[in-house]
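Heavy-atom basis, side chains included; hydrogens, waters and symmetry copies ignored.
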Amino acid sequence: QLQASGGGLVQAGGSLKLSCAASGGTVGGNAMGWFRQAPGKERQFVASITWNGGNRYYADSVQGRFTTSRDNAKNTVYLQMNSLKPEDTAVYYCARHRTRWGTYDRRQYDVWGQGTGVTVSS
């Protein structure tokens, strides 16, 4: 089970840090991803990190502003979001990939958290 937290309301230009904690199991052997879904839109890829943190991938829209990291000892993955924009407003989900190396394809993520809402005001 994955539990995402850290969402909230922030002004444009501000920062938030999301956390995704795993319980009832470990995610240390899996790539982990972050996705977001804005109202009326499809869920889209935001970022992912390989099982050991050696590689990270980002959507073009967040490149340079968001950073994902992980602490396998704590079974937790993070998404640091800086320079937030109103278009970043969405529900953010963390998910576990089926393999150690996953990136963009959401169909390859088999365990999803419940989501945490992020609202960026202009």
Side-chain angles (χ1 to χ4, degrees):
Q1 187 176 1
L2 301 176
Q3 180 77 32
S5 62
L9 174 64
V10 63
Q11 287 188 332
S15 298
L16 282 174
K17 186 173 184 177
L18 306 184
S19 298
C20 174
S23 60
T26 179
V27 294
N30 298 78
M32 296 293 292
W34 289 95
F35 292 77
R36 67 186 181 187
Q37 187 166 18
K41 296 189 176 181
E42 290 190 357
R43 192 170 299 187
Q44 62 178 196
F45 171 81
V46 174
S48 67
I49 184 168
T50 53
W51 71 282
N52 60 355
N55 287 288
R56 309 172 197 199
Y57 305 91
Y58 299 94
D60 290 344
S61 58
V62 307
Q63 180 76 46
R65 299 188 297 121
F66 290 12
T67 302
T68 187
S69 60
R70 65 190 299 160
D71 185 338
N72 286 344
K74 295 183 178 179
N75 245 357
T76 302
V77 183
Y78 305 97
L79 183 67
Q80 176 69 47
M81 305 186 295
N82 298 329
S83 302
L84 282 161
K85 304 175 181 180
E87 51 263 44
D88 294 319
T89 295
V91 176
Y92 283 72
Y93 299 87
C94 60
R96 186 189 73 178
H97 197 273
R98 301 177 190 275
T99 75
R100 294 186 171 192
W101 314 107
T103 56
Y104 313 102
D105 187 353
R106 69 181 186 188
R107 296 169 298 180
Q108 298 303 318
Y109 289 83
D110 60 358
V111 179
W112 291 80
Q114 87 291 354
T116 184
V118 172
T119 301
V120 184
S121 63
S122 57

ask   = Are V111 and V46 in one and the same hydrophobic cluster, where Ile, Leu, Val, Met, Phe, Trp and Tyr link if side-chain heavy atoms are under 4.5 Å apart?
value = yes

request  = Enter the distance from M32:CE to L79:CG here, rounded to the nearest 0.5 Å.
outcome  = 11.5 Å

query = Hey, does W112 have a side-chain heavy atom less than 4.5 Å from the side chain of R43?
reply = yes

query = Rounded to the nearest 0.5 Å, how far does CD of Q3 lie from OG1 of T116?
reply = 9.0 Å

ask   = Just one of M81, R56, Q80 clears the side chain to side chain contact (heavy atoms under 4.5 Å, CB included) bar with T68, so which one?
value = R56

inquiry  = Quick check for you: to the nearest 0.5 Å, what is the distance between Q108 atom CD and R96 atom CZ?
reply    = 12.5 Å

remark   = Heavy atoms of S83 and R65 approach each other most closely as O-NH1, 2.9 Å

request  = Examine distances only and state if a side-chain atom of Q114 and a backbone atom of A4 form a donor-acceptor pair shorter than 3.5 Å.
outcome  = yes

inquiry  = Could you report the tightest heavy-atom contact between Y92 and D88, atom names first, then the distance?
reply    = OH-O, 2.6 Å

note = Value for CG (N30) from OH (Y109), rounded to nearest 0.5 Å, stands at 10.5 Å

query = Is N75 reaching over with its side chain to a backbone N or O of V27, donor-acceptor style, under 3.5 angstrom?
reply = yes

request  = Decide whether V118 and L2 are clustered together by the hydrophobic rule: side chain heavy atoms of Ile, Leu, Val, Met, Phe, Trp, Tyr closer than 4.5 Å, transitively.
outcome  = yes

key: Straight-line distance of T50 OG1 to R70 CZ, nearest 0.5 Å   = 7.5 Å

ask   = Looking only at heavy atoms, which two atoms of R100 and G29 are closest? And how far apart?
value = CG-O, 3.0 Å

message = With a 4.5 Å cut-off on side-chain heavy atoms, are Y78 and D71 touching?
response = yes

query = Mind checking whether W51 and I49 sit in one hydrophobic cluster, side chains of I, L, V, M, F, W, Y counted as touching below 4.5 Å?
reply = no

inquiry  = Tell me whether Q1 at atom CD has more than 12 heavy atoms from other residues, nucleotides or ligands lying less than 6.0 Å away.
reply    = no

query = Which residue, Y104, Y93, F45, forms the ring-ring contact (aromatic ring centres under 6.0 Å, His included) with F35?
reply = F45

query = In Å and rounded to the nearest 0.5 Å, what is the OH to CH2 distance from Y57 to W101?
reply = 8.5 Å

Throw together a table of side-chain donor-acceptor distances under 3.5 angstrom for residues 7-25, partners on residues two or more places apart or in other chains.
from : atom 1 : to  : atom 2 : distance (Å)
S15  : OG     : N82 : OD1    : 2.9

